[in-house]
Amino acid sequence: MVERLRGTVLTVECPALRSDPESAISFKLGRTVKASLRTRDEAVATARRVLILERLERLYEATRANSHKLTHRQMVALAGEVYNLLRSRFDEDPGTPEAWGAWKAFVRAARQGRIATAPTIDLAEQADERAEAAQLFGPDLTQGIDALPPSGDRAALDDRCGRLTWWVLSRHGLVVDRETRLRLLEHVADACLDAGWAIKRAAQGDYTPDPKAARFPPFQATPSAPGGITLSALYDRWAAETKPAPSTRSTWRGIIDSLTAHVGHGEASRITPENVIGWKDARLASGRSVKTINDSDLACIRALYRWGIANRLVKENPAVGVQVAAKRKAGTAMLPYQDADVARLLASAERESLPYRRWLPMLAALTGARIGELAALWGTSVIEREGVIGINIAPSPDGATLKNAGSERFVPLHPEIVRAGFLEYAKAKGHAPLFYGKPARRGAEAKHPSKGTSNHLAAWIRDQGFDNERIAPAHGLRHWFKSAASRAGIADSVADTIQGHADDRAAARYRHISITQMAEAVAKLTVPVVPAQARTPIDEAVIDAPMPTVMPAAG
C-alpha cells in the first residue's frame, strides 16, 4: 500500500479555529509523513493533527479496499468541487488579468499535451507565472501554444493538476486506478480553465455569474452494495433536500469523514451502536470537547439517520442514546463581559477605521444580536419601520442564512449608534455588504464570506487583550446585553424578542412585542464608557470629538 501511494501530494483543508484562519496543508506521502501544522496554538495544532490523521486513515482504508470506479457524472461532479474551490479562494482578490492569462495558458498547454512539464497549481495562493509563460509561449500566449505540437503525453497534465485531483479524491476517501485518474485529470483541467476564465473576468471588474458553474452536478457516491447506501451518499441526498448552510455542509462532511475513517467503511447500514460508541470514545480521547461531541458530532449522525429512516434508506439509527456523560464543572461555564470590559472594547473600536472593527462591537453590544447575523448585514438592511430606525435581520441577498426561522426579526437601533454615524455609513454602502467585500456567489459550496469577517473580529478582540477563555470574544457581548437589559428593567420577553431567542412555552405564542416597545427598551441601555481618570490621550481625543460616546439611560 505504501508503494501505491508513495510520492502522492495530499492536501488537507483545515477550517478556521480559535484565532487561526483556515489553512490548506500539503505534504508528500512516503513511509513517514511530515508536515507543518502552521500554528503556534497547541489546541489548534491538536485539532489539525487529528483531522490529518483521519484523512490519512480514510485514504489508507480506501487503498486497502482496492480502487474505485467512477462514472462520467461522478468525475464531472468532482471536477466541479475543484472549480468551486478555485472560485472561493481567488474571487475576492483575483489579482491581474494578465496573471490569470498565464495561469490558464499552462493549464491549456498541459491539457492538450503540448508541453513536457508544467508548474503545479498551488491551492493556497496563485503564483505569478507571466514571465515563465512568456518565455515558453512567446508574447501571444494563444498563438504560442497552438504552434506547439500535441504529443499525447500526460506528464505535464499530472504536474499541473495532479495535486488538485488528489485533493478532491481524498475529500471523499477515493482511490482510483490509473485509467480513471487520467480521465479525472482531464475533467479537473477543464474545470480549471472554466474557473480561470471566470476569475480573469473578475480581475477585470466583471463579476457576472458564470453560466458554466451550473454544469457541475453534486457528487453522489455509488452505493457499496445492491439496496444499500453509503454514509456519504446518505449525506448528499439529505443535503440536496434540506439545502443546509455552507458552514453546516463543511462541518457535517468532516464529521462523516471521521466516522467513516474510524469504522473502516462507509456503508450506512453496517454501522452499529458499538461503532458509534467507539468513535465517540476516540473523539473524546483526541481532546475534542464534550459539548462538541454531543452537540455537533453525535447530533449530526442522529439527524442524518433520522432522515434516512424517514426516507426508507436505512432501517435503524445507531446513534440513538449514545452521548458523552457531561457533568458541568465549576469554573468552566461561559461568562459575559463586565461593563468595564465593554467600555474598553467600544473605546478600542472607536479608534478603528476598518468598518467591521469600528461598528460590529457596538452593534453586538447594543442589539444583542449574534455576530454572524450582524456580519452578514447589507446597507439595505438598515431600514425604518413604524417610525423607528433599525436593522432587518434576515437571510442576506447573497445567501447568508440564519440560525432558525425565529432569528428573522427587526431590531431597533440604540440612539448612540445613530449619533455615531452608522446610518450615514450604511447609506453610502447601499445595496452591498457592510462588512465584507464582494457578495458571495449563489449556490457556492464555500463558507459565506461573512464567516471570515466574524473570525477576523474575534481575532482582533483577542489582540486587544480580551484573553479570558471563558468569555467568547464576540458572543460575550450577546451575554452582556441580556444582563444589561435585566439591570435596566427590561422584561425578559422583550429582551428575548430583540435578541431572537426562542420561547417554546405555550404562553409565548400569545405575546406580541411591538416595535415601539423594543425601541423604548433599547433606549434604556446605558453605553459603558472608560472612566475619565483611566483614559489615554488617544481616548481623550476621541471623546472630545463631535461624535458622542455616551447615551444616558432613558426615563
Side-chain angles (χ1 to χ4, degrees), residues 337 341-384 388-394 396-398 400 409-439 448-464 466 472-481 484 498-500 519 522-523 525-530 538-539 541-543 545-551:
Y337 285 113
D341 300 323
V342 175
R344 187 160 61 87
L345 178 54
L346 295 185
S348 295
E350 194 173 10
R351 294 192 290 267
E352 291 290 332
S353 58
L354 292 178
Y356 78 91
R357 296 179 182 176
R358 171 66 186 94
W359 296 113
L360 284 178
M362 178 179 278
L363 287 169
L366 299 179
T367 66
R370 300 173 182 91
I371 202 65
E373 298 170 339
L374 299 172
L377 292 176
W378 284 39
T380 46
S381 303
V382 182
I383 61 174
E384 181 178 339
V388 175
I389 300 294
I391 51 175
N392 187 42
I393 296 178
S396 71
D398 60 346
R409 62 199 187 280
F410 174 82
V411 180
L413 287 178
H414 192 286
E416 178 58 24
I417 297 176
V418 176
R419 280 203 293 269
F422 178 68
L423 298 189
E424 290 75 13
Y425 169 70
K427 184 177 180 181
K429 297 295 287 188
H431 190 65
L434 288 176
F435 304 117
Y436 57 94
K438 297 292 184 181
H448 192 269
S450 63
K451 300 293 184 183
T453 300
S454 299
N455 291 336
H456 288 313
L457 179 68
W460 174 76
I461 292 174
R462 289 296 192 212
D463 288 342
Q464 305 311 301
F466 297 92
H475 197 70
L477 292 168
R478 185 166 162 85
H479 284 254
W480 176 84
F481 178 93
I498 294 170
Q499 292 191 278
V522 168
L525 294 174
T526 300
V527 182
V529 295
V530 177
I538 295 179
D539 293 328
V542 172
I543 292 172
M547 184 184 302
T549 60
V550 181
M551 173 61 189

Test: salt bridge (charged side-chain N to carboxylate O under 4.0 Å, His left out). Region: residues 449-460. Which pairs qualify, not counting sequence neighbours? none
Straight-line distance of [X] [atom1] to [Y] [atom2], nearest 0.5 Å:
X	Y	atom1	atom2	answer
E384	F410	CD	CZ	8.5 Å
H475	W480	NE2	CH2	15.0 Å
M362	H414	CE	NE2	9.0 Å
W359	L363	CH2	CG	8.0 Å
F435	L457	CZ	CG	9.5 Å

How far apart are the closest heavy atoms of [X] and [Y], and which atoms are they?
X	Y	result
L346	P528	CD1-O, 4.4 Å
H448	S396	NE2-OG, 3.7 Å
A347	V530	CB-CG2, 4.0 Å
D398	P439	OD2-CA, 3.4 Å

If the condition is side chain to side chain donor-acceptor pair (under 3.5 Å), which residues does T453 pass it with, not counting sequence neighbours?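 With sequence neighbours excluded, T453 shows a side chain to side chain donor-acceptor pair (under 3.5 Å) to no residue whatsoever.
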For H456, ring-ring contact (aromatic ring centres under 6.0 Å, His included) partners two or more places apart: none
Suppose we screen for ring-ring contact (aromatic ring centres under 6.0 Å, His included). Which residues come up paired with F466, at least two apart in sequence or across chains?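 ring-ring contact (aromatic ring centres under 6.0 Å, His included) list for F466, sorted by chain: Y337.
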Using atom types as modelled, flag every donor-acceptor pair under 3.5 Å from a side chain in residues 421-431 to any protein atom, sequence neighbours excluded.
{"unit_1": "Y425", "atom_1": "OH", "unit_2": "L434", "atom_2": "O", "d": "2.4"}

Side-chain donor/acceptor of R478 to backbone N/O of G368, under 3.5 Å: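 Answer holds: yes.
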Within the 4.5 Å heavy-atom criterion, are L413 and V522 side-chain neighbours or not? no
pair W460-L354: side-chain heavy atoms closer than 4.5 Å: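 Of all side-chain heavy-atom pairs linking L354 with W460, none is under 4.5 Å.
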Cut-off 3.5 Å, no hydrogens considered: what does the side-chain donor-acceptor table look like for residues 369-382, sequence neighbours left out?
{"unit_1": "R370", "atom_1": "NH1", "unit_2": "E373", "atom_2": "OE2", "d": "2.7"}
{"unit_1": "R370", "atom_1": "NH1", "unit_2": "S407", "atom_2": "OG", "d": "3.4"}
{"unit_1": "E373", "atom_1": "OE1", "unit_2": "R370", "atom_2": "N", "d": "3.1"}
{"unit_1": "E373", "atom_1": "OE1", "unit_2": "R409", "atom_2": "NH1", "d": "3.4"}
{"unit_1": "E373", "atom_1": "OE1", "unit_2": "R409", "atom_2": "NH2", "d": "2.8"}
{"unit_1": "E373", "atom_1": "OE2", "unit_2": "R409", "atom_2": "NH1", "d": "3.2"}
{"unit_1": "W378", "atom_1": "NE1", "unit_2": "Y436", "atom_2": "OH", "d": "3.0"}
{"unit_1": "S381", "atom_1": "OG", "unit_2": "W378", "atom_2": "N", "d": "3.0"}
{"unit_1": "S381", "atom_1": "OG", "unit_2": "W378", "atom_2": "O", "d": "3.2"}

